[in-house]
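A quick write-up on the structure given underneath.
In what follows, every chain begins at residue 1, and chains take the letters A, B, ... in the order their sequences are listed.
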Protein chains: 2
Amino acid sequence: MLHLSKKIEYGLIALRHIASEVNGCVVTAKEISDKYHISYELLAKVLQKLTREGIIISYQGVKGGYILARKPDQIKLSDVIYAIEGKSNISLMNCEAEKPEMCNIFSTCTIKYPLAKIQDIINNVFNDVTISEIV
Amino acid sequence: MLHLSKKIEYGLIALRHIASEVNGCVVTAKEISDKYHISYELLAKVLQKLTREGIIISYQGVKGGYILARKPDQIKLSDVIYAIEGKSNISLMNCEAEKPEMCNIFSTCTIKYPLAKIQDIINNVFNDVTISEIV
DNA sequence: ATAAATAGGACTAAAAAGGTCGTATATATA
DNA sequence: TATATATACGACCTTTTTAGTCCTATTTAT
């Protein structure tokens, strides 16, 4: 419970690895999956999502790979989480993220507003931490 | 992702309900499940766990039910979460909560210590909030 | 032309969460 | 003392979510 997904985990490990690469050399998905013993296909998809969201830049073809799109201290943890999981999938309760009709006790639920405050605190933590802090 | 479970949700709704009961009258699981339209059996189990952990007190038999074991401001959100889900099930990553051998990339994982710091911040939030704050 | 790389959809497997069922036990009261 | 009403709790099933795999297409340096 309250778990971040493996995708986030792999994304962070990858970003940390790319960020620590000297001279901004490109890094391939294979290199990362081999080094950290994680599923190549899954990691590849995560990197594709990070690319789509402009967090990293990809180069296709031979000698291709990935580099960071901006400096580590410009990449917030929340950027990474939102890129990989989608902004609406990050919340303590379903009712905060989705439409009221998604929750069958929305009208009678008494705890959604108190929990929203806690949610804000957690969101702020993710907004305040950047990749530079996990290198 | 990062969701609290329905059990926690139901537990908090129930505690809020019991806490707002006048004169400390006992409240039955049925009353709560009817009022908030939640599964009776599931709620009953949650209340049983809260009882075992000494957060509420149960009375069996006719005219039985539940009352709070202590004042709302003495019941921390973390108490409730730990009682229902178990302390070791609350963490951003598996490796923090469980044995290193549970994580097949433990030795190579580069993000466990940075994430542990974020975990601490979140834990502190749950330690600081009490049931009195959600009534 | 070829080999090495990313892109991405479709699918399957595994794990976690949510929910149900059956039975036992306790107890107020008619 | 029989009964109805309540909690206690393990076993089980179903659904949802997460994790992982497979296949094919595209890009590009050599």
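What separates CD of B:Q48 from P of D:dA6 is a distance of 15 Å, to the nearest Å. Between the CD1 atom of B:I18 and the C1' atom of D:dA6 there is a distance of 14 Å, given to the nearest Å. Look at NZ on B:K7: it is 13 Å from C1' on C:dT20, rounded to the nearest Å. Atom pair B:L43:CG and D:dA8:C1' shows a separation of 14 Å (rounding to whole Å applied). Atom C1' of nucleotide C:dA17 and atom CD1 of B:I90 are separated by 13 Å, given to the nearest angstrom. Look at CG on A:L2: it is 11 Å from P on C:dA17, rounded to the nearest Å. We find that CD1 of A:I81 is positioned 13 Å from P of D:dT18, with the value rounded to whole Å. Taking atom CG of B:L42 as the reference point, atom C1' of D:dG10 lies 15 Å away to the nearest angstrom.
With hydrogens and angles ignored, the 3.5 Å screen pairs no side-chain donor or acceptor of B:H17 with any backbone N or O of B:L15. Formation of a donor-acceptor pair under 3.5 Å by the A:H3 side chain with backbone atoms of B:L2 is not found in this model.
Pairs passing the salt bridge (Lys or Arg N to Asp or Glu O under 4.0 Å) check and including a residue from residues 14-35 of chain B, sequence neighbours excluded, read B:K30-B:D34. For residues 41-56 of chain B, no residue pair satisfies the salt bridge (Lys or Arg N to Asp or Glu O under 4.0 Å) rule, not counting sequence neighbours. The stretch residues 57-70 of chain B participates, sequence neighbours left out, in these salt bridge (Lys or Arg N to Asp or Glu O under 4.0 Å) pairs: B:R70-B:D79.
When the side-chain nitrogen and oxygen atoms of B:Y66 are compared with OP1 and OP2 of D:dA6, none of them lie within a distance under 4.0 Å. Look at A:S39 and you won't find any side-chain N or O under 4.0 angstrom from OP1 or OP2 of D:dA19.
Judged as a side chain to side chain contact (heavy atoms under 4.5 Å, CB included), and not counting sequence neighbours, the contacts of A:N124 are A:N127. Checked against side-chain hydrogen bond (donor to acceptor under 3.5 Å, both in side chains), A:Q48 has no partners two or more places apart in sequence or in another chain. Under the side chain to side chain contact (heavy atoms under 4.5 Å, CB included) criterion, B:I121 pairs with A:V125, sequence neighbours left out. Under the rule for a side-chain hydrogen bond (donor to acceptor under 3.5 Å, both in side chains), the partners of B:N123 that lie at least two apart in sequence or sit in another chain are B:Q119. Partners of B:D73 by side-chain hydrogen bond (donor to acceptor under 3.5 Å, both in side chains), not counting sequence neighbours: none found. Judged as a side-chain hydrogen bond (donor to acceptor under 3.5 Å, both in side chains), and not counting sequence neighbours, the contacts of A:S132 are A:T130.
Considering all non-hydrogen atoms of both residues, B:L43 and B:S33 come closest at CD2-N, 3.6 Å.
Near-neighbour residues of DNA chain D inside residues 26-35 of chain B, defined by a heavy atom below 4.0 Å, number-ordered: B:T28, B:A29. Residues of residues 51-60 of chain B that place a heavy atom closer than 4.0 Å to DNA chain C, in numerical order, are B:Q60.
Take the nearest nucleotide of DNA chain D for A:Y40 and for A:K63: the residue whose nucleotide is more 5' is A:Y40. Nucleotides of DNA chain C nearest to B:V62 and A:A44 differ in position, and the one nearer the 5' end is that of A:A44.
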Scan nucleotides 11-17 of chain D against the protein and return all N/O pairs shorter than 3.5 Å with their distances rounded to 0.1 Å.
| residue | atom | partner | partner atom | Å |
| --- | --- | --- | --- | --- |
| D:dA11 | N6 | B:K45 | NZ | 2.4 |

